[in-house]
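Working notes, structure below.
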Amino acid sequence: MVRTEGGYTNLVLPAVLAKHGLDGRDAAFATELAAGTIRRQGTYDAVLTACIDRPLRKVESAVLDALRLGVHQLLGMRVPAHAAIDTTVGLVRTKVGIGAAGFANAVLRTVGSRDLDGWLAEVAPDPAEDRNGHLAVVHSHPRWVVDELEIVVGEELPDLLAADNVPPRVTLVARPGRSTREELPGTPTPYSPYGVVLESGDPASVPAVAEGRAGVQDEGSQLVALALASARVEGRDERWLDQCAGPGGKSALLAALAAERGATLVGTEIHHHRARLVARATGGVGAPGVLGVLNADGTRAPFADDSIDRILLDAPCTGLGALRRRPESRWRRTAEDLEDLTLLQRRLLEEAVRVLRPGGALLYATCSPVRSETADVVTAVVSPRPELSLEDVRPLLPGVTDADGPLPDTAQLWPHRHGTDAMFLALVRKDR
Ligand SMILES: C[S@@+](CC[C@H](N)C(=O)[O-])C[C@H]1O[C@@H](n2cnc3c(N)ncnc32)[C@H](O)[C@@H]1O
């Protein structure tokens with residue numbers, strides 16, 4: 001369903017597990033099998049290419065999927081070889097046929113003849129000749145992604161790529177005024193005063209989460225919302241906008257903070273189903289701190305010039321800073337996506353600037369560290385206009401060190417340094 005129907009692993013899996021009545025260790029095994037196989041697909045395809053005498057695109061897709069699952073069990077999980085091979089071959093026999101099963105058996109026996117390091121030594125390019133090509137295979141990232149990340153992270157590239165392959169533990173946020181982090185199970189997050197790291201268990205079974213008083217939210221996303229809320233605003237501080245709000249995690253935190261200060265938030269979101277998710281996450285119109293959720297295009301925001309006191313523009317982006325939690329996304333994005341996205345990001349930022357009240361605060365954020373989506377967008381919009389400037393956003397991230405962004409006064413969080421998604425933040429001011 002993830003490969004053929006464009007589904008998301010984290011959404012598809014719970015439904016599949018529930019359908020088959022899997023829980024506990026069985027559910028954990030199935031989750032690792034599916035998510036790990038998708039995450040490691042780049043490495044496994046390099047191994048399979050070495051074991052099959054025709055291009056992988058010529059292998060029937062159902063067989064290829066099964067082979068990848070088999071390779072993950074052989075090289076990435078501690079499943080005994082005979083069990084990994086028998087179950088995979090059985091699967092191919094049932095779903096495809098006896099001939100394909102023989103083929104799968106032969107391929108997996110070859111794969112099982114070495115361990116992962118043995119295969120990497122054979123199939124990954126020599127790092128002395130092609131460092132990024134080597135890293136792409138070893139850490140299972142598309143080559144263009146490795147090249148983009150190298151531009152911004154430099155020598156820390158291997159650490160970042162390795163961190164992208166470690167599924168993060170679930171982080172919860174206690175929405176202020178509605179719950180406290182003391183009532184949430186888990187360990188306090190190092191930076192966000194509202195977060196806990198859930199050690200185990202299903203977040204949906206936590207009462208505050210089930211009741212919408214708390215939510216699941218990466219610490220980096222919490223920090224983005226908190227940075228906007230703590231930015232200095234001159235004069236009135238009543239009208240807050242989340243310009244690209246879906247699915248609503250940051251809106252929910254911002255609305256809770258707004259309610260504590262007598263302000264209200266409007267969320268705009270272009271996709272109807274995602275606007276509904278924002279309404280659900282925030283409690284919708286009438287909930288504390290919520291003025292409304294609009295199914296609207298943020299490039300044509302339905303607000304007057306100079307009318308909003310605080311704006312979050314958490315822009316649609318490649319998501320290449322959140323690869324830890326979305327195993328499939330690295331294989332879906334292409335370098336061509338960047339051009340369309342950066343155009344959209346610029347238009348959204350121009351529009352945010354139009355509706356921002358002079359003296360107010362505008363935070364531009366992305367869950368991508370890619371330069372064209374971060375520094376280049378901000379520079380393109382801010383530099384030509386003398387009334388706009390960047391203000392140092394780093395003091396709005398208390399306790400966070402080593403977070404200098406690609407432009408002066410901007411910030412960049414990193415999975416391998418901060419244990420968060422790679423969020424970029426820039427605080428934009430307008431003088432008149
Ligand atoms: C990075 S996500 C926002 C995540 C959100 N802030 C949260 O924390 O839950 C970007 C969102 O922008 C929406 N979007 C894309 N183009 C848009 C547009 N022109 N106007 C408004 N929203 C847009 C996408 O549908 C997506 O839901």
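Values reported hereafter were calculated over all heavy atoms of this structure, with side chains retained and with hydrogens, waters and symmetry mates removed. Just follow the structure's listing: the first ligand is 1, and inside any ligand the first atom is 1. From a predicted model like this one, the values you see are computed outputs, not experimental measurements.
Ranking the protein heavy atoms by distance from atom 12 (O) of ligand 1 puts Cys244 CB, 3.2 Å first. If you check which protein heavy atom lies closest to atom 13 (C) of ligand 1, you get Glu269 OE1, 3.2 Å. Looking at atom 15 (C) of ligand 1, its nearest protein heavy atom turns out to be Pro316 CG, 3.5 Å. Among all non-hydrogen protein atoms, the one lying nearest atom 6 (N) of ligand 1 is Asp314 OD2, 2.7 Å.
The shortest separation from a heavy atom of Cys367 to ligand 1 is not under 4.0 Å, leaving the residue out of contact. Judged by the shortest distance from any of its heavy atoms, Ala281 lies outside the 4.0 Å radius around the atoms of ligand 1.
Distances from atom 23 (C) of ligand 1 to the heavy atoms of Val278, Asp297, Leu277, Ile270 show the closest one on Ile270. Nearest to atom 8 (O) of ligand 1 by heavy atom, out of Gln217, Lys250, Gln222, is Lys250.
With sequence neighbours left out, Arg357 forms a salt bridge (Lys or Arg N to Asp or Glu O under 4.0 Å) with Asp309.
Applying the 6.0 Å contact sphere to CZ of Arg347 captures no more than 12 heavy atoms from other residues, nucleotides or ligands. Annotation: Arg236, atom CZ; neighbour count of heavy atoms from other residues, nucleotides and ligands within 6.0 Å is above 12.
Which parts of ligand 1 touch Ala245 is read off a 4.0 Å heavy-atom cut-off, strictly below it: atoms 5 (C), 6 (N), 7 (C), 9 (O). Close contacts between ligand 1 and Ala296 involve ligand atoms 20 (N), 21 (C) [criterion: under 4.0 Å to a heavy atom]. Taking every non-hydrogen atom of Gly249 and a distance limit under 4.0 Å, the qualifying atoms of ligand 1 come out as 7 (C), 8 (O), 9 (O). Every atom of ligand 1 is numbered from 1 in the order shown, and the set under 4.0 Å from a heavy atom of His271 is 25 (O). Short contacts between ligand 1 and Ala315, defined as distances under 4.0 Å to a heavy atom of the residue, involve ligand atoms 1 (C). Close contacts of ligand 1 with Gln243, meaning ligand atoms under 4.0 Å from a residue heavy atom, involve 21 (C). The ligand atoms of ligand 1 that sit less than 4.0 angstrom from a heavy atom of Gly248 are 7 (C), 9 (O).
Residue Thr268 has no nitrogen or oxygen atom sitting less than 3.5 Å from a nitrogen or oxygen atom of ligand 1, judged on distance alone. For a threshold of 3.5 Å applied to N or O pairs, the pair formed by Gly246 and ligand 1 contains at least one separation below that value. Between Gly298 and ligand 1, a contact under 3.5 Å exists for at least one N or O pair.
By the criterion of a heavy-atom distance under 4.0 Å, the side chain of Arg274, and not its backbone, is placed next to ligand 1. Contact annotation: for Cys317 versus ligand 1, there are no heavy atoms closer than 4.0 Å.
Without hydrogens or angle criteria, Glu269 side chain to His271 main chain gives a donor-acceptor distance under 3.5 Å. Using a distance-only test at 3.5 Å, with no hydrogens or angles considered, a donor-acceptor pair links the side chain of Asn165 to the main chain of His139. A donor-acceptor pair under 3.5 Å links the side-chain atoms of Arg354 to the main chain of Phe303, judged by distance alone.
Between Tyr191 and His418, the two ring planes are perpendicular [angle over 60°; tilted spans 30° to 60°].
Two residues are said to be in side-chain contact when any heavy atoms from C-beta on lie closer than 4.5 Å; Leu413 and Val400 meet this criterion.
Look at Arg40 and Asp45 and you find no salt bridge, because none of the NZ, NE, NH1 or NH2 atoms lies under 4.0 Å from a carboxylate O.
Between the side chains of Thr318 and Glu373, at least one donor N or O sits under 3.5 Å from an acceptor N or O.
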Give the table of side-chain donor-acceptor pairs shorter than 3.5 Å for residues 56-63, with sequence neighbours excluded, one pair per line with atom names and distance.
none

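For the pair Arg371 and Phe424, the cation-pi criterion (under 6.0 Å, within 45° of the ring axis) is not fulfilled.
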